[in-house]
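Along the sequence shown, the residues carry numbers beginning at 1.
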Amino acid sequence: MNFWKFVYGKTVINLPRLNGKFPPPCRPYVCRNARLSTVPISTSFNSPISPRSKPVQKSGFPEPVSSYCRYIHSTNGTAMSNSGGDLKLNSEEPGEDDGTMNEFLSRFVWIMRGKLAEAYPDCDKQTIDGMLLIIVGKVASEMEKGDLEQMLGAAAATPSQDFSDDLWKTVWEVSNMVLNDMKKEKKKEKMKGFLQSEEVKEMCRFAGEVGIRGDMLRELRFKWAREKMEESEFYDSLEHMRREAQAQDKEEKAEGKVTEIMGDEAPVTEERPKVFTLPKRQGKISYKIYGLDLSDPKWAEVADKIHERGEVIWPQEPKPISGKCKLVTEKILSLNEEDDPSPLLAEWSELLQPSRIDWITLLDRLKEQSTSLYFKVAEVVLGEKSFQTNIRDYSKLIDVHAKENRLEDAERILKRMNENGIVPDILTATVLVHMYSKAGNLDRAKEAFQSLRSQGFQPDMKVYNTMIMAYVNAGQPKLGESLMREMEARDINPTQEIYMALLRSFAERGDVGGAGRIATTMQFAGFQPSLESCALLVEAYGQAGDPEQARNNFDYMLKVGHRPDDRCTASMIAAYEKKNLLDKALNLLLQLEKDGFQPGVATYTVLVDWLGKLQLVNEAEQLLGKIAEQGEAPPFKVHVSLCDMYSRAGVEKKALQALGVLEAKKEQLRSDEFERIINGLIAGGFVQDARRVYGLMEARGFVASEPLKVAMMASQAFSRKRHTMR
């Protein structure tokens, strides 16, 4: 297309969109020769018009010169190319980027109009439009020269003969500003395309799956899109270099043919150097990222290790199962718990030649279908070479057995692990600590705990809590307290549950000192005295036979605002029972009943035991009726009291009835309860029953005290003497 037609038809015609009407036509004397304009207009505020030209009038513009167009140098096929982020004039593809040219000139006119209006506030709109037309014509003539960026740099360095220096400088500053803005918008539009590319979307979906959200995900998305855009631009530049190199080769071949035709008389053209080639690498590759020299050979080893770990984290897909192997798989899944899976597993392994992922897939299917069969097959699979058994497989299987309370199976796996020369690591030892503590095997739990220490592992809160509870359940609260002090020394704060477990254990054994220490430590740790902690202190002093201190703690509990419950009251009554202070116990009950307290099963149980020792059978039976009125069966401890009471009172039927209940639940009897029952039976003359219960006591592993042994020997001697007399 004709360039002047473009400038006048597209750019100047676009001015009304900025101003609302066409600019006025120029005076006849504006252009009178082949140059674009001999009327320079300056933005210099001191000398707005160059002395070599006529000033532009503000009004009274004459009719336009009809031959104005022929004074503008025209060229065919002028267009703009902005590939690769550069805006260029390309004459090879006319009309391709007319929109880009139009946008450049429109932006230029818009910004330049503001600067002219600011420099000439007294000029009217028609005068400003005339100035703009001359300036745009000059810029368009410069744009005909080709590369806009090179033109801007050369024009800015070369002074204009038509414009003043200030105006010329302003024109090219505005041109550079427009060019930069267009580059930024082009890059922004290109960035939008890469933001919506499938590769960037896939990476964003993966980032969302692993938990990346919000601003961080947005930053990563822009980073990935920018990297893709830079990669695309890099390959585009290489392709451009390749095309230019091919074009240059074609030119050289064409010139060579011309030289051959012309013969020796033709002048020999010099070879042009190939500038569009990648530089040759010399020496070793040196990669440095954040100061790390990645060209070191050690990074190759790191890459191999990362690859190996990657195979573990992202395992391969299992092999497809079909044909006979599929039938064998179905047989394995349909096995019963008592069946031996070894033959089928051997056949399955021979058919499939499985890898580790295939074994894991089979075990997962078994676990979903039958847990017991899974345990059996998993133990067999541990011996398969293709399974690539490691220490974690053993520890996982031991942990699963421990959670299912399969202590024997877990120990069998542990034994097999040791036979294969695999030493339990920290994780396995931790699992063993929890398992043996839960099973009540304190010795093995201590061994596992010491194994942790020997490997340099500092126990965490969970391991400490497990061992403390193991000591508490084994009746050794002092050892548990020592672990608690170790936790405090390492700035690990024990939980309230640990404090209460230790306090409860000390209270049951009547260890007043230990209970007091735990209660004081709890207060220093920030735990205020609760109803349960106060009740345990009352119980501790009651078990120790100190009713006065028990009553002091009971009164302190009332003082801090805790209302005593049935258990706390029972502990206080039991404290009075130790010293046989029945009057104080009754006065306490009367006082509490005035405050609205109603005795419960625990209080009645203590009173029944106390009255049974006093041989007050009728009163004890009345209290049994009150327990029945509350809709609850008498506690197990009540039957111990009733057996002793009825045996000493000679009520054989009720004594044997209570004894039958105790024999049915002999696993719950303690050593002191066994001795009380035997002494009661001996005192009532039920020697044979006493011997039977004594045998049960020995079978439980309890050792009889010396007074009980003497009583048994005396009862046997009395029974023989009595038999001789008869």
Item to check | Chi angles and distances behind the side chain to side chain contact (heavy atoms under 4.5 Å, CB included) call for V328, L345 | outcome: CA-CA 8 Å; V328 176; L345 289 176; over 6 Å; no
Checklist entry - Is there a side chain to side chain contact (heavy atoms under 4.5 Å, CB included) between W359 and W348 once you walk through the steps? => result CA-CA 10 Å; W359 286 112; W348 185 81; 3.6 Å; yes
Item to check | Criterion salt bridge (Lys or Arg N to Asp or Glu O under 4.0 Å) on E189 and K192, from CA distance to verdict | outcome: CA-CA 5 Å; E189 291 299 325; K192 288 181 181 178; 3.5 Å; yes
Next on the checklist: Please determine whether side chain to side chain contact (heavy atoms under 4.5 Å, CB included) holds for the pair T466 and M461, giving the CA-CA distance in whole Å, both sets of side-chain angles, and the decisive distance to 0.1 Å.
Outcome noted: CA-CA 9 Å; T466 302; M461 171 72 78; over 6 Å; no
Checklist entry - Between V171 and M112, is a side chain to side chain contact (heavy atoms under 4.5 Å, CB included) present by the stated rule, with each step listed? => result CA-CA 8 Å; V171 166; M112 201 66 199; 4.0 Å; yes
Checklist entry - Can you check salt bridge (Lys or Arg N to Asp or Glu O under 4.0 Å) on K223 and E227, steps first, answer last? => result CA-CA 6 Å; K223 176 178 176 293; E227 290 175 352; 2.8 Å; yes
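For the pair M487/N465, a side-chain contact is recorded, criterion being any heavy-atom separation below 4.5 Å from C-beta on. A 4.5 Å side-chain heavy-atom check between W224 and C204 finds at least one atom pair inside the cut-off. Considering only heavy atoms from C-beta on, P424 stays 4.5 Å or farther from Y394 through its side chain. Residues S395 and M417 are not in side-chain contact: their nearest non-hydrogen atoms beyond the backbone lie 4.5 Å or more apart. Proximity of K188 to K184: side-chain heavy atoms (C-beta onward) are nowhere separated by under 4.5 Å. Using a 4.5 Å heavy-atom threshold, the side chains of K169 and E173 count as touching. Looking only at side-chain heavy atoms (C-beta outward), L427 and R392 come within less than 4.5 Å of each other. Side-chain contact between V200 and K228 is present, with heavy atoms from C-beta onward closer than 4.5 Å.
The two residues R221 and L195 make their nearest non-hydrogen contact at NH2-O, 3.1 Å. Nearest heavy-atom pair across A378 and L397 is CB-CD1, 4.0 Å. Taking all atoms of both residues into account, the shortest heavy-atom contact from S386 to P354 is CB-O, 3.3 Å. Shown here for R213 and A207, the closest heavy-atom pair between the two residues is NH1-O, 4.4 Å. Among all heavy-atom pairs drawn from F387 and R356, the shortest one is O-NH1, 2.9 Å. F108 and S175 make their closest contact through CE1-OG, 3.4 Å (heavy atoms, listed as atom of the first residue, atom of the second, distance).
One side chain, S355 or D358, offers a donor N or O that lies under 3.5 Å from an acceptor on the other.
Under the 4.0 Å criterion applied to side-chain N and carboxylate O atoms, D249 and K253 are not assigned as salt-bridge partners. Ion pairing between E103 and R107 holds under the 4.0 Å rule for side-chain N and carboxylate O. A salt bridge between E202 and R205 is present, with a side-chain N of the basic residue lying under 4.0 Å from a carboxylate O of the acidic one. Look at R490 and D460 and you find no salt bridge, because none of the NZ, NE, NH1 or NH2 atoms lies under 4.0 Å from a carboxylate O.
In this structure, E350 places its CD atom where only 12 or fewer heavy-atom neighbours from other residues, nucleotides or ligands lie under 6.0 Å away. Counted within 6.0 Å of NZ on K319, heavy atoms from surrounding residues, nucleotides or ligands total more than 12; the atom is thus considered enclosed. Heavy-atom neighbours of R218 CZ from other residues, nucleotides or ligands within 6.0 Å: at or below the threshold of 12. For D215, the CG atom counts as loosely surrounded, since its 6.0 Å shell holds 12 or fewer non-hydrogen atoms of other residues, nucleotides or ligands.
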When the side chains of residues 362-370 are checked against the rest of the protein, which donor-acceptor pairs come out under 3.5 Å, sequence neighbours left out?
unit_1	atom_1	unit_2	atom_2	d
Q369	NE2	L333	O	2.7
S370	OG	S372	OG	3.3
S370	OG	L373	N	3.4

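With rounding to the nearest 0.5 Å, the separation of CD1 in I128 from NZ in K125 is 10.0 Å. For the atom pair L220 CG and M203 CE, the distance stands at 9.5 Å (nearest 0.5 Å). For the atom pair CE of M177 and CH2 of W172, the computed distance is 14.0 Å after rounding to the nearest 0.5 Å. From I321, atom CD1 reaches atom CD of E330 across 10.0 Å, with rounding to the nearest 0.5 Å. Taken to the nearest 0.5 Å, the CD1 atom of I422 stands 6.5 Å off from the CD1 atom of I391. Atom CG in N180 sits 12.0 Å away from atom CD in E185 (nearest 0.5 Å).
The salt bridge (charged side-chain N to carboxylate O under 4.0 Å, His left out) test with E233 is passed by exactly one of K190, R226, K187: K190.
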